[in-house]
Structures are given as C-alpha cells and as structure tokens.
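Written below as structure tokens is the structure these notes are about.
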Amino acid sequence: MIEQLAALEAEALAAIEAAPTAAELQQVKAAWLGKKGQLTALLKGLRDVAPAERGAIGKAANVAKQRLAAAADARKEALLDSVSAVPAGFDVTRPGTQQPSGGLHPITQLRYDLDDAFTSLGFEIYDGPEISSELYAFDSLNFPPDHPARESMDTYWLEGRDTKTGAERHCLRPHLTGGSVRYMQTHEPPFRFVYPGRVYRNETTDASHERAFFQYEALIVEKKLPFTAGRLLVKTILQAVFGRDVKVRMRAGFFPFVEPGFEIDMQCLVCEGEGCSVCKHVGWLEVMPGGPPHPEVLRAGGIDPSEWEGFYINIGLDRLVMMRYGVDDVRHFHSSDLRFLGQFQ
Amino acid sequence: MKLSLDWLREYVALPADLDPHQLAHDLTMSTVEVEGVDDLAAGLAGVVISEVRSCERHPDADKLNVCTMHDGRTVVCGGSNVAAGMKVALALPGAVVSGRDGKPLTIAEATVRGVASSGMICSSGELGLADLFPSKGKEIMDLTHLDAAVGSPLAPAIGYDDILLEIDNKSLTNRPDLWGHLGMARELAALYDVPLSDTPAPELPSADGGFEVRIEDPRCLRYTATRVEGVDGSAASPLWLAARLAKVGQRPINLLVDLTNYVMMSVGQPSHAFDARDLPERVEIRAARDGEALTLLDGTELALDPQSLIIASHEAPTALAGVMGGDLAVRDDTSALWLEVASFDHVDVRRTARRFGLRTESSTRFEKGLDTPRVEAALGLFQDLFAKLVPGSRIVAHVDSHPRPTAPVSVSVTVPFLHGRLGRELGAPAMIGLLHRLGFCTEQDGDALEVHVPSWRATGDVDLPEDIVEEVGRLYGFEALGFSPPQVELVDPVIQPVRRMERRLREYLAFRCGLREVVTYPWVSARLLEAGGCADTPTLGLAHPPSPDMRLAPSLVPQLLSVIADNLRYTQSFGVFEVNRVFHVAPQDGPEGLPTQPKRLSAAVVGADAAALFYRLKGAVEGLSGGVQVAEVHCIADPSGAPAWADPSAVVGIACGDTVIGHLGVLSARAKRLAGIKRGEAAVLELEVEALEPHASRENRYAPLPQFPQVDFDISLVVDRGVRFTALREAALEASALVLGVHFVDEYVGAQVPDDKKSVTLRLRLGAAERTLVRDEIDQAAAAVIEQLSASFGGQVRA
C-alpha cells in the first residue's frame, strides 16, 4: 500500500504542476484531495490494512497529503503571479499613443538658443517698438539724408506719415539697430545686450526674400573692445548655438551704422565648406553684418565715442534657421502651415 | 559690375601665376564681394576658326548647305550667308553652344537629312557674341576679315582668352573709386604690393576756341569741354576695343561712342560726345525751366522742371546732367566733337535718376560721388586713345570750369588708437606702409599720424579715424589679426522676469498644452478684420501696403482665423498660438508719438466638438498661472465687452485680479463664414501678454500634508441645463463644513435625462483638520449636501 501511496502522490504532483489555470488547479486538487478524491479514497482503504501497518501508512498518507496541499498552494501562487493585465494576443508592435503635438516656431527655437548663449555671457535681452520712426530707423544710424532705404520703395512707411520727417515719420522698423539707440539712450555704459525681433522690407517675395523677417542683434559697449575681441565673441556665440567648432570669417563690408563694417560668414555646416546647394556652392554663408558702432551712432545714443568702444553683430535668423534644417524657402516661416511647422520639435 | 582680368592687367602687374579664384577670394576678403569668376575661353572651348572650302546645296533640303571645311570635314549649315571662301566659327563635336531656347547645347556628330555633319558653323548668338558680331536673321558669323590662322581657337583671336570677375554692386556702393578697371587695378596693386600703371597725364591746348562754359548751378562741380577735330562719326571700333566693351556688357556702337564708354569702364568717369555743330558757341549748366522738354537718346520725352540739372545750348536742353544725353548725338557725318567730361553733385544725380526712373551707367557712377581730379585721368586716356585709334584727329581747344573741386581730406589718428582698435600691435612703420600702398600719404609726429586721403577716396568714403582702422586692417588681413578675449567689466546679474515670462508662456503653450507656435504677418485684409471682430476698430495703414486692402492688425485674431482656415485644408484637429505685437491708432507718450503696440497672445484649438474645445482651451488658461509662474489668472462668466468673433453663449473673460485681460470663446458661425472656415469648430482666445504679472521667482508655497485621512464620494444630480457648476459648488460647500472641495467629474445630456435637463456628477472631498471622520459624520455630511442641492436646484440626487 505504501507503494500505491507513493505512485498516487507522484501522479497528483504531476497533475498539480500541469494545471494551466487556477480553476483547473482547483479541480485537480478536488480530484486528489477532495472528499471523493483519490487520496481520500485510498485512505478509506486503511480499514482493510493490518493494524500493525496502519500507523505507518497513515502517517505516510498524511505527509503526502500535506506535501500535495503545499504543492497546490505554490502552484496557485505561481499561476496568480503570471496573470496578464492585457488580453491574449496583445500587439506590442502597434504605434504608441501620440503626445500632443505642440512646439515652438523654428525661428523661436534658434532665438532661444541664442538667448541661452548670450545670457550665459551676461547679456541682457532688450525689446523695443516694431513701429519706429525715421529718427531711430535712419537719422540716428548715420544713414545719409538721401539714402535709398529711406524711400518708400524699400521701407514700409505708415500711411499719412510718409511725407513727414524724423520723429514724425513712422515705419515698420526696417532693422533692429534703431532700437539699440533707444537702449543706449536709457542705459549707462558699460553694457551688453541682445535685441531679437522681426523687421520689415518692402520687397517682392521669393524663395530667398521676405517682407517680414527676423534679426537678432547684439551690442557690447566697453572701455576697450578691439576687433580681435569682437571676432572671438562672434565665434564663441556661433559655437555655443551649433554645439560644435564653427569656422568664421570676417571680411570688409559696408553698413552705415558700423565703422569699419564687416560681413561675417560662417562655414557651411551642411557641406563643411565643400560647397553645396545650401551655401550656393560657395562653402560659406553670409550670416551677419557686424563691427564697431559708427561714432555717430554712439553719439546718437548719448555715448562719447572717444571714451567707449563697442561691437555690433546683427544675425539674420531666417538664413541661419534655413541652414540649420535645410529649409529651401524663406516664405515657409510666415506660412503658418502646420505641415511645415510640425516638423520642428 | 563685370571686370575683365585682361583689362585689369593693362594697369596692374599682377603675378603671372595668380589663380583667378584666389584673386576673387582675396578681393572678397578685403574689398568687395566677387560673385563669380567666368572663364570666357572655357566657354568657347572647341570652337575654332575655320574656312568654308566648298559649299553646296543639301540634296534633300532647300535651306541647308553641305560645307567642306578647312580640315576636310563635312558640316551641314543652315546659315543664310554661308559661302565658299568664308572664314567662320566652327564648333567641333563636344563644344557647348547656346541652343535655340538659350539652354546649353552640346555639339555631336550627327546626320542631317542623310548627310553626316561633324560640327556646327555658328551664329554669333549661339556663341554669346551677338553684341560683338551683330547679325540678321539666320546669318552665321562672318570672320573673313579676322586676322587669325584657320584652325586656331576662336577665343584668343577675338580677345576672349580672358576671365570675367562679377562684382556684387551692393558691396561697391561706398567705393566710387572702384567703378572702373583702373580703380580696381589700383586696389589690386595695393593688395598684392605690385606696381600700377596710371593713365597718361593729359596735355591739352590752352586755346578755348571761342567756346564758353557757363556754370549757373552749384550742382555742377566741374565741367570741361574739349574740341576734337578730324574724327569720323561712321568709323567702327577696332575689334580689341569692341571686344573689351562687349565682355563687360557694354554693347559696341561706333568708335566715338565706344571711346566714351571705354573711358568710363576704365577710369569710372562718364563723359559725353557732342557733335560740335550742336554746341556752336557755349554750354550752360543750369536748372531746367518749367515747361522745358528734352528728348533723350533713347527717344524718351522728359518734361523738365527746376529740380532737373541740364546741359543746354542756345536755350535748348541737350542733356540731363550726369544721367543721359539728348537725341542730338554723334552722327555718321560728325567730323568734330565737343567732348564733355564733367562732375556733378552725387545726391542730385541720384534724385534725378530716380525721379525719371533712368538708371544709367553714368548715373550709377555719379551717384556714388566721383572726385573732380578724375576728370584729368579721363582726359589723359582720351588723348592717348584718340592719338592711337583716330589717325588725323586733333585736340584743338579745351575749356575747364572747376568751381567746386573735391576738398582735400586728412584724418588725425594715433598709433595707440589704431593698435587698440585692431587688437594687435602692428607697429607704426608697418601701418604706414600699408596706408602708402593704398595711396594715402602720412605725416608722423611721435605717436600722432596725420593721414592724407587720396582724392579718389575723399568724397565721403574715408574721413574718420575708424576708416583708417579699416584700411589698415583689411590690407593687413582681418583674419590675420587673430583673436583676443574681450575685457569686460563685471556687472550685476541680469534678472528679467518679463523676458523669462514670455519664454515660459511660449513653452507652456507648446509643450504643456500641445499647441503649435505660428507667426503671421502684421497686415491683414478687410475681410479678415471683419471676421476677427475689428470692423469698427480704427486701424493703421501703410503708405504702400503689400496689397491694397491690407491694414495693420489691431488684434491677432484676424490672422488666427486665416491660419485656421488654411490648415483645415490639410488637417481636421489642431492647436496653434501666436505671441506678437498688434498696432493701435492711439499714440504713446513720448516725442515720437508712436502708435501703441501691445503684445498679445492668441490661441485656437480646432476640431469637431465645440464644447470640448472650449473646455480644453479654458484648461490652458486656468493652468497658466502655475505653468508660467505669473499672478493668478482666471476666467469670468458673462464678461462685458465680449468680442464679436465669439459665440455669445460660449464666451468668458480672462482676468488677472479684477482686470479683464482678454477673452476666450467658441468661434461664432458668422466669424467662421467671414473667415471662410467651412467645417470644424474652434475655440479661440486672445489676451494681453503685458498684463500678465510675472513672479520675481517661484512663488508657490508648500502646504503641509493632511494629518488625518480625507474621503471622496461622488454624487450625481439631474438639474436644469441652465444650472452652473459654480452654483452647485457654492451650495455644496455651504451645506457642510466638512466639505473641503467640490470637483467636477462629468456632465451628461441625452436620452437618459429629460430634454431640458442635464446630469452632473460631482466629487466631494470630506475631511476635518483635527480628527479622522467617523462613518456617521460622513453620512450626515453627504445627506446635508444632497438635501441642500435638492432644495436649491430641485434635482434628483443620488450618491
């Protein structure tokens, strides 16, 4: 009977281990350990066993019963632990749920990158009026009285104001530099600030010309500011923004508000200077004019040019963003087309 | 402007092995932007001078001829003038010419109607030489009179073994001296430190020939008239001279006109050749009188007025000073000239050219500001050219009236100033050497330098110490000056809460609220203004707007509506925002009286369910204060002054404290119709950004966690549709002191409730600060709330 018991236990253990679900485990348990279970039936047969053997067999049967109960409990826990919260055939290859697809305009993104670079160098961020006057847009900036940019053809003069002069002749600002004179008039040097914003030119639009575009101007005024320091500043900023070594070259260029004036080129990051469609096969991109403020501009800002030196840079944001992403048409920036804007995260 | 390298080399001894691209780079870095380097000979590669040995009618085509060329090859030619014995330009297979549509065409071995053809006999147009070799109809280029060996390449034989440099004119505006080959040669001589051959000095007769130059207007700075006799108005220019003009884009006309153009392209000084018969006694340089008229060389009739400076003879205008001559020009039978070489005020020339819409090579140069001594350089070159090219010509009289010579300019600088500005100590001798190379003279006294500016740089270009810094720097090489760290004064930390707030606002809307930032133009059409509720708002206009009905927008909503309409063409649900300035008629304080230009935020969410969109955008407003770190912002129902674009039954005011700073609402059906929004719904908001009050730092305070447990329980009640959540909340809060909060869970309108009712589910939070609630208290509080809500709103309530 001992042998019978051992065989039964082995069989029951195998059935417990094989039970695939908690419900079936319950059935297995009943089939062996229940009132009508096989083990119970076997134990009922004890009556027929010789009394001398009865004690030993009874003991063995109880041990077997306990072992089977423990095995069933362990199996039950294992089955409960492996229950899944998802239905059968759950598809892990389906795309995840999309997050709300908001984002900043690509011009704003670059602007904030520049803000971070400049503010880390202690620059202040300045903001000024978008409708300005001839006084600040031209007179203060050393534009000669007959400069063509003053004509209606190039500047958006306000209706009813276009025939007036100076402070009374209002326009959508044609550049940011006039605003820097406003800053100078209200602050004591030394200072350094940046001045991001949108500017306007009355011109025919095409893939590389816009009526409204973005500039980012920086001005630093100190007791001493040699050309070589301005050059290092330019390089540092571009490096901070693009996160890598950037080759910069400065060449002679003429702008009324700086003296001497420079065109500042940056080696094309797309082709590393080899020449590609983004840089029109030149290897360099004109990114900004710059240079020390013209003495007349400092004077207009109430600053004595014999005492103070400075350095302007005036970054054209549109072109830089176009290079950053390989955008081929400047008009996209004002299109508000979400198929375009949605590409910038 | 185009410059010929060959022409430049006439004046400057450039290194023989100088790569034109290197030259272009060097000029770009130090002086002007070179936009292109064009190898003319490369463009004519594979084009040779050939001779037609025999020419027979094509067997199968009336208008084609089969020609046997000098080397025995056969070429089928459709030229109307082709004939045996003619010297022609032959493009060999592989050569590229200009095709019928102007596109490049590569010549290949071909069979033309059954006859093999190995090349093409070219017309001047096909080689880009139409100016130099004018032709009619289908004529090919006849080179019979060209002194060049048959079989040799075409380019050198016609002076086209040359490089053209294309200069960006914008980069030349401040350099009047560079508007000619001599000026650029002078610059290159300085750049490479090589010798310059200037034009010969003129030796002119002292006799005035009884001619009078009467300058009656200060806008004429100098006027010289030189009489040349023994010329032939019908003579053509020699090929080399015509080729030089054609290469730089100046069409050759006849020798006398070409000479004036040649001198202009050389020394940058415009001039004008009058037939001496048209100026019998004198010229007057004066303001035109009202009613006077002038017919220009090109046939245009100008009505003159006293603003116009003219050259007149016998009371009749003959030229618009510095801009263009009249129709009385050199003619075939011209045998004597009065040659005008003069100088005019640059501002006046620019104004006149602009007023009449006449931009000429002459006005382009004058308006930059030409120095008066340049007249001598032009006369010297004229004298030299007449002697060489017009045998028998004699300069017999010369009159020079020079009331306003270019004033000498000198600039005082010091060596330390130059060193300080450059950032590198080059030393006085090196800097003086660089200035001398550029034609400046210097007087040194210790550290002080008196720099005398050459006349060609003295018309406004160089007059400041900073200009001297530039001259030294660019000739030394800006790149070679190196880097140095800026020495800056330590300043206080920059704290700018408003700037930081604007950035947080954008980032909150983009990244927290899932909206996409857009940027729109500040001008909008009248239709959008009306749609955006601005029909009655006074607006500012532009003198020359991008299109006639565009006005400057006093709100960002009109543009936003167009953004919605445009994007609905591609997508059905989206969210956008814009932070930008708007423009109001009311003037600001201050001397300029500029228009007020407040900064606004606009936003829209677009989709199918207007109510859901409204609540989504409202959620964005309610989260603003925490998300952007600004003083509390909330929405108020039944706002006054709700905007016309909003549906009156779904609009709230946005307030900061007691001040309404904007509105949020569902876009009205009318606004949608006016803006062309044909489907979908939108919730829109606009608020004043500058009314938001940024915290100086993060202001939220820690609240201790509750010491005793709190319990939530939900109740639903069916009430009239008009009952508001705020009323329910107030009532629930009043019902029991244990109610700590009332939160909105859900609202249902539909088949399960009567038509005029809605079911609202609220979640109440119960608790007490000093103890744990027992079951009875919770039940009593819930019962109190239910009783209160039933009493107040008559609704059926179930917990």
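Throughout, protein chains are lettered first and strands after them, A, B, ... in sequence-line order, and every chain is numbered starting at 1. Just so you know, these numbers come straight off a predicted model, no measurement behind them.
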Find the one option among [options] whose heavy-atom pairs under 4.5 Å with chain A are most numerous.
options: B:Leu540, B:Leu542, B:Val576, B:Ile495; value: B:Leu542
options: B:Gly477, B:Gly590, B:Pro545, B:Pro522; value: B:Pro522
options: B:Gln588, B:Arg354, B:Arg351; value: B:Arg354
options: B:Tyr570, B:Phe511, B:Phe574; value: B:Tyr570
options: B:Val563, B:Asp467, B:Val498, B:Asp566; value: B:Asp467
options: B:Arg503, B:Glu471, B:His419; value: B:Arg503

If only atom types and distance count, is the side chain of [X] paired as donor or acceptor with the main-chain N or O of [Y] below 3.5 Å?
X: B:Arg581; Y: A:Glu130; answer: no
X: B:Arg474; Y: A:Ala252; answer: no
X: B:Glu517; Y: A:Thr108; answer: no
X: A:His105; Y: B:Glu578; answer: no
X: B:Asn174; Y: A:Phe254; answer: no

Do [X] and [Y] come close enough that some side-chain heavy atom pair is under 4.5 Å?
X: A:Pro292; Y: B:Val469; answer: no
X: A:Lys223; Y: B:Gln487; answer: no
X: B:Trp523; Y: A:Leu172; answer: yes
X: A:His294; Y: B:Glu466; answer: no
X: B:Leu481; Y: A:Arg231; answer: no
X: A:Leu121; Y: B:Val488; answer: no

Do you know which of [options] has the most heavy-atom pairs with chain B at a distance under 4.5 angstrom?
options: A:Glu168, A:Arg182, A:Arg111; result: A:Arg182
options: A:Tyr126, A:Phe311, A:Tyr136; result: A:Tyr136
options: A:Pro129, A:Gly291, A:Gly230; result: A:Pro129
options: A:Ile131, A:Asp127, A:Val282, A:Leu338; result: A:Ile131
options: A:Ser101, A:Ala212, A:Gly253, A:Ser335; result: A:Ser101

[X] versus chain B, heavy atoms under 4.5 Å apart: side chain, backbone, both or neither?
X: A:Phe255; value: neither
X: A:Phe191; value: neither
X: A:His170; value: side chain
X: A:Glu210; value: side chain
X: A:Phe333; value: backbone
X: A:Ile107; value: neither
X: A:Val248; value: backbone
X: A:Asp265; value: neither
X: A:Pro295; value: side chain

Calculate, to the nearest 0.5 Å, the distance between atoms [atom1] and [atom2] belonging to [X] and [Y] respectively.
X: A:Leu341; Y: B:Asn567; atom1: CG; atom2: CG; result: 8.0 Å
X: A:Glu259; Y: B:Asp463; atom1: CD; atom2: CG; result: 8.0 Å
X: A:Asp337; Y: B:Arg516; atom1: CG; atom2: CZ; result: 11.5 Å
X: A:Arg339; Y: B:Arg569; atom1: CZ; atom2: CZ; result: 7.5 Å

Between [X] and chain A, which part of the residue has a heavy atom less than 4.5 Å away: side chain, backbone, both or neither?
X: B:Arg500; answer: neither
X: B:Phe583; answer: side chain
X: B:Leu552; answer: side chain
X: B:Lys170; answer: neither
X: B:Ser30; answer: backbone
X: B:Arg421; answer: both
X: B:Phe577; answer: side chain
X: B:His21; answer: neither

Can B:Arg499 and A:Glu124 be counted as an ion pair, charged N to O under 4.0 angstrom? no

N-O pairing of A:Arg249 and B:Glu479 below 4.0 Å: no

Search all heavy atoms of [X] against all heavy atoms of [Y] and return the closest pair with its distance.
X: B:Pro486; Y: A:Leu225; answer: CB-CD1, 4.1 Å
X: B:Gly420; Y: A:Pro226; answer: O-CB, 3.0 Å
X: A:Leu158; Y: B:Pro595; answer: CD2-CG, 4.1 Å
X: A:Ser133; Y: B:Leu594; answer: N-CD2, 4.1 Å

Test side chain to side chain contact (heavy atoms under 4.5 Å, CB included) applied to A:Arg251 and B:Val32, B:Thr31, B:Thr28, the passing residue: B:Thr28

Is it possible for you to check whether A:Arg211 lies under 6.0 Å from the centre of the six-membered ring of B:Tyr521, through NZ or CZ, and within 45° of that ring's axis? no

Other residues, nucleotides, ligands: >12 heavy atoms within 6.0 Å of A:Lys235 NZ: yes

